[in-house]
Every structure is written in C-alpha cells, then in structure tokens.
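In what follows, chains are A, B, ... by sequence order, proteins preceding strands, each numbered from 1. Being a predicted model, the structure only gives us computed values, none of them experimental.
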Amino acid sequence: MIRKRIVEIIDEACNSCKEKGVLPHEISIYPIIEIPREEEFGDYSTNIAFFLAPKLKKNPQEIAKILIQNMRSGEVCEKVEPAGKGFINFYIRDEIWRNALKEVYDKGIAALFPHIGNGKKVLIEFVSANPTGPLHIGHGRGAVVGDVLSNILKKVGHEVVKEYYINDAGKQIQTLGESTYIRWRELKGEKVPYPGNLYQGEYVKDLAVLLIERNVSIPEDSEKAIKFMARFAGDTVMKGIMKDLVDFGVLFDSFYRESGLYEKGVVDDTIEMLRKKDYVYEKDGALWFRTSSFENDEDRVLVKSDGEKTYFASDIAYHRDKFERGFHTLIDIWGSDHHGYIPRLKASIKSLGKDKDSVKVILIQFVTLLKDGKPVGMSTRAGQFTTLKEVLDEVGKDAARFFFLMRKSDAHLEFDLDLAKKTSNENPVYYVQYAHARIESIFRNAKEEGIDIRSLRDEEVDVSLLTLKEEITIIKGILHFHDVMEGSARSLEPHRITFYLLDLVGKFHSYYNKTRVLGNDKQLTLARLLLLKMLQEVIRSSLEILGVSAPEKM
RNA sequence: GCGCCCGUAGCUCAGUUGGAUAGAGCGCAGCGCUCCGGACGCUGAGGCCGAAGGUUCAAAUCCUUUCGGGCGCACCA
C-alpha cells in the first residue's frame, strides 16, 4: 500500500524530469523498491539512480539528488535523502503508518492479503506416497509444505485443489501383496523363507494378523491369493495413511488413482497421441520417448519390451489429465531424491504442447530426527523408520507442523524431538503461541477494567497517540504481512511465514516488557488495544495458514 | 564419470531474488518486574559468508574452477 505510493512518487519525479529535459523521454523506468536492512536507512529505498547512471553518463549520487529535487513526497515522507553511492532513502511519516493501521482495522485483516492469483486454477499434488507402508517423517514434511502452500495460494486469490496421487498400478503393490502373503503363511504355521526384497516392516505382519482376525477367506491359488492380498493390503495401508494425514491436519480435496488412468484408457491414448506427433520410437522391443529432443536428458522407455507400461508413461498421462481438468499451474511436491526425474517430466510437458514452467516442482530435502542429540534411523527397507504417527504422538500437531516449516524445503532439516516437546521458551512454537495468549490475557484484564475488546469499534480510537518507537515498529510489522504473503506466494516458499511470525512476535514481547498497555489514560489504552488487536489478528491469521493453533490460554 | 542441492557465528539456520556496516535462535558471560502471563525482555563476546578467480558502480547472492557433505543417474516407482 505504502510501497505503491513510493513507486508513484518515483514515477512522478521521473516524469517531471523528463518534462524538464533532465531525463530523456524514451527511457523507461522500473523502480525497484526495497526495505533497507538498517533502520537508519529509512523505511524504503530505491536503487534507481544506479540504473540511470550508465544511460545518462552521470554518477548515481548526482542523479539521486536531481530526482529528489523533483519529488513531491512531503505528504507521505518525513524526508527523502540521497545515501551511500546513490541510494534514495524514504523516511515515511509516522502518521502515514498509523493511518494505514487504522485503515486495515476498518477494512478488516483481509485487506492485507495481496490479490495476485486472479482466480487462476492451481493443482497442487503432494505426499502421493505409495500405499505400501505407513507415512514416515519425510512424507510429513512434504505434507505440511503442500498444505500450507495451498493455504497461502488460496489467500492470495488462487483457486487451489490439493491432490494425492495413489500409485496403485505398479509393481510395489504387487510386492506388498507378496510380503503380506508370506507373513500370512508364517502365521499359519508354515516355515517359509522371507526374501530380502520384500517389505521388512512390522506393519506387514499386522496386515497378515488382520486377515486372520477378520477371518477373511483367502483364495486357494497362491497367485490369486497374492493379488487379493495386494488389494487388501493396499487399501488398508491407504486408510491408515488417510487417517494420519487427517490427524496431521492435512486434508486433501482429491485422491487420484493411477489405476483409474489405465481403466479410462488415458495412458494408451496419450501414448497414441505422442506416437502421432512422432515423439516416440521403437528400439530393442520397447517404446521410447524422445526426452533428448526436449531437454538435456536421455530418452526414456514408455512401454517395456514385455508390454508393460512404465511409471513415466502413466505420469505423462496424469499430467495431461491435470491440464485437461482445466488447471493453469501444476505444482508437484517430491522428495529431493526424485530430482533426476525433473528433466523427463519437463520434456513430457513440452511434448503436450504446454509451457514447461506451467509445472513447478518443489523438492523436499530429507529430515533427520534427533533424539538426545543423536540421529534416529528411518530407512523403510530396514523396517526401522520413524513414522509420522509416532512423531505426532510424541510432539503434537502444532509443534510438528511448525518445525517442518522452520527451514526452506530444499534444505536438510534436523528435527529435534526433545526441543519440539519442550513447553519452554526454547521452543519456537511456544514463543509464537505465547504472544497470542499474552495478548488475549491483556484483553481479559481490559474487560475487568471495563473495556471490552469486542466493542472497541464503538469507541473513538485515536491512533495518533501511538507515538512510541516500538509502536511504530509493530505497526510496520503488521503491515509487512502483505509483502510476506506476496513473496511467499510468488516464490512458493511457505517457510517465510514462519520466520516472519517469529520476528513479529519478538517485537511484541520486547514492547510488552517495556510498556504497559492498560493504564489510567483511557484514550491511550484504547489506542494500544487497537494496535494489539490487529497484531493478534495477524498472528492468528498466520498461524491459521500454518495450520497451527492460536491458543487464548496456555 | 555426469547431473542436482547444500557449505554463512561454537551449534541449528535466515538473508527481501544483485545493494549500504552480514542477521536471528540456542549455547556462553552479565543484567532486568512493588507493575497487564518470567513460556518474557535487555546488554556483551563471537564472522576472511568453504577456497580461488571472474562479471558489476555494487556479490553471501550470478559465471568458471576447486575442496567438503547429501542425493540422483533403470525396460523401478
């Protein structure tokens, strides 16, 4: 809002310079406004003079001075100064900040959400873990990133659908069936070897136990039995996954089955379409996709020489299907170990005639669980993974979600279980939630003194009484929410919200320690309550986006 | 061997997409309520941004090389 005013001021100054002949008319200007790191450099600054310098063959400092002379900034700015080697620093009047706060208060917190989505349809696909075992902590990280990202995109005006892709057509489900079958025979008292290529986890035994407990009738023929068990086990595991996700607060709009693509014939149809476009060829009895003619990658097999289609084949069909369902942007969230798959996918997107940037892949780096300062193993194959459920039971939903968002997704994450469990100041989740509860507590006390925060709107509140440096700082922090949301949405980086919150809340705690909110001066008290009201709403709104609760008491 | 990601304070990590004197939390050394929730705040020490070149008015950020860590390189999914 205020940022926009600064852009206008710069534009006007440039136009005025053009009229005076100081700037050539044909020059086009895209002022970049940033928030300086140092407070003493003002609230906003622009580096525009640096860009003009080579074109005008003048030094940037001189240009900065000329621009400032031609600025009509008095309404918004306390002062505008040339600085450094050619920066222009803008110092916003305190009353402008206060008025902006009042404006947001009057319009409601929604006024802080940027409108950049324009209703464009986004399909965000995440988790998509094969139903061959319970979700582990790595899936949990992807789940939160996807969930929170979709919250962010919705808030900025996108239409978002969250989808889970179930790979139920591949060999892994078959393997799960075999694994269950062998465990089942063991339970029947047979001495059968358990091959190492089967799933080793305890949960496979549980599946077999379930079959016996429920007295399920198993086909005599071993092949049929395996097939039956594959389906049974897959469905059962999938139900467990769904429950874990719900417990984690991650709700999907759609579960999309790979097998459905085959049943509808979409896979064959897509291969046929690629064949017509001459994007495929036969070699060694297999059908190959010309990946190399689109991206820097090798050609890949779509149909194996035994006639079976590869995962890649159905994946092309899947993405085609997503586009045909009317989505403008597709977001895929994968474990970072799949990064080698990106060129292939991008190539296939091009072959569908789509812009490769219409698909965005977010990679989730590994999570290391720490207990007593030592890493905990989590290999699925070895059967000693730490499941998402275990972590949830241990630290709770709020801490788990928050911790997953404390790193950008493409960076390794060390998840300290002991820290997440602590109900103390060391735990960042509590630091944030405590601020929310603390503000609420002030409101409770205010009510006892006869001021009900809910009827604050009936009062004449004079925000010009908010003159403390800390108060202006908090106002700026509240308004900054807008920029953070925009940046987070554009870069698809949900962790920015977490860092913003920690920073914002720190400002509050500091203010709280120095300043009494409730006092004898009723007008001042009302003004401060309004400030805290808006602060609390931003905190609550941010926590809501993160899917973390905002307690009124702790 | 080829490709991708990461190397920033003792530890865990940010760094506004190329900006000014590099930040936070934890840890460490101190300090602070007769007062709205001490689950808090304040002060201090701590750095050649892995290394070397290059591009630029300006580099932690971009390019090249190099070292260290992780992950990929299937007619698996």
Query raised in the report: For residues A:Thr291 and A:Asp297, is any side-chain donor paired with an opposing acceptor at under 3.5 Å?
Result: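 Not at all, the side chains of A:Thr291 and A:Asp297 share no donor-acceptor pair under 3.5 Å.
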Query raised in the report: Can you check whether A:Phe87 stacks with the B:rA20 base, using ring centres under 5.5 Å and planes within 30°?
Result: yes
Report task. Could you tell me whether the side-chain ring of A:Phe41 sits stacked on the base of B:rA20, using a centroid cut-off under 5.5 Å and a plane angle under 30°? Result ->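 So A:Phe41 counts as stacking on the base.
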Interatomic distance where [atom1] belongs to [X] and [atom2] belongs to [N] [whole Å]:
| X | N | atom1 | atom2 | value |
| --- | --- | --- | --- | --- |
| A:Lys55 | B:rC57 | NZ | C1' | 14 Å |
| A:Asn59 | B:rA58 | CG | P | 14 Å |
| A:Leu501 | B:rC13 | CG | P | 20 Å |
| A:Lys57 | B:rC57 | NZ | C1' | 15 Å |
| A:Met406 | B:rC26 | CE | C1' | 11 Å |

**Report entry** First encountered from the 5' end of RNA chain B, between A:His495 and A:Thr46
**Finding:** A:His495
Select base, sugar-phosphate, or nothing to describe what [X] touches, counting heavy atoms under 4.0 Å on all strands.
| X | result |
| --- | --- |
| A:Phe499 | sugar-phosphate |
| A:Lys408 | sugar-phosphate |
| A:Glu470 | nothing |
| A:Asn89 | base |
| A:Ala446 | nothing |
| A:Asn47 | base |
| A:Glu552 | base |
| A:Ala435 | nothing |
| A:Ser510 | sugar-phosphate |
| A:Ser314 | nothing |

Compare side-chain N and O positions of [X] against OP1 and OP2 of [N] and report whether any pair is under 4.0 Å apart.
| X | N | result |
| --- | --- | --- |
| A:Arg407 | B:rC6 | no |
| A:Tyr431 | B:rC26 | no |
| A:Arg438 | B:rA39 | no |

Query raised in the report: What distance do A:Leu531 atom CG and A:Leu526 atom CG have between them, rounded to the nearest 0.5 Å?
Result: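 One gets 12.5 Å once the value is rounded to the nearest 0.5 Å.
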When the ring centroid of [X] is compared with that of [Y], is the distance short of 6.0 Å?
| X | Y | answer |
| --- | --- | --- |
| A:Tyr318 | A:Tyr165 | yes |
| A:Phe289 | A:Tyr281 | no |
| A:Phe41 | A:Phe87 | no |

If [N] has a Watson-Crick or G-U wobble mate with both distances under 3.5 Å, name it; if not, just say none.
| N | result |
| --- | --- |
| B:rG3 | B:rC71 |
| B:rU64 | B:rA52 |
| B:rG38 | none |
| B:rC28 | B:rG44 |

Query - Among B:rG37, B:rU12, B:rU17, the one nearest A:Glu414 by side-chain distance - result: B:rU12
Requested in this report: Output the single nucleotide from B:rU17, B:rG23, B:rA20 whose closest atom is nearest the side chain of A:Glu38.
Outcome: B:rG23
Requested in this report: Between B:rU43 and B:rG7, how far apart are the P atoms? Round to whole Å, please.
Outcome: 29 Å
**Report entry** Distance, C1' atom - from B:rG50 to B:rC5, rounded to whole angstrom
**Finding:** 16 Å
Requested in this report: Look at the aromatic rings of A:Phe508 and A:Tyr512 and report parallel, tilted or perpendicular, splitting at 30° and 60°.
Outcome: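 The arrangement is tilted - the two ring planes meet at 30° to 60°.
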Query raised in the report: Parallel, tilted or perpendicular: which describes the rings of A:Phe403 and A:Phe415, with under 30° parallel and over 60° perpendicular?
Result: tilted
**Report entry** Over 12 non-hydrogen atoms of neighbours within 6.0 angstrom of CZ in A:Arg5
**Finding:**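 Atom CZ in A:Arg5 is not crowded, with 12 or fewer foreign heavy atoms closer than 6.0 Å.
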Query - NZ (A:Lys304) with more than 12 external heavy atoms under 6.0 Å - result: yes
Query raised in the report: Looking at the angle O4'-C1'-N9-C4 for a purine or O4'-C1'-N1-C2 for a pyrimidine, is B:rU17 syn or anti, with syn meaning within 90° of 0?
Result: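 Judged by the O4'-C1' to base torsion, B:rU17 sits in syn, the angle falling within 90° of 0.
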Requested in this report: Report the C-alpha separation of A:Arg444 and A:Glu552 in whole Å, then their side-chain angles, then the decisive distance to 0.1 Å, and conclude whether the salt bridge (charged side-chain N to carboxylate O under 4.0 Å, His left out) test is met.
Outcome: CA-CA 10 Å; A:Arg444 280 194 297 269; A:Glu552 302 195 334; 5.4 Å; no
Query raised in the report: What does nucleotides 70-77 of chain B look like as a protein-contact string, B for base, S for sugar-phosphate only, - for none, at under 4.0 angstrom between heavy atoms?
Result: SBS-SBSB
Query raised in the report: Ignoring hydrogens and angles, does a donor from either the side chain of A:Asn513 or the base of B:rG32 sit under 3.5 Å from an acceptor on the other?
Result: yes
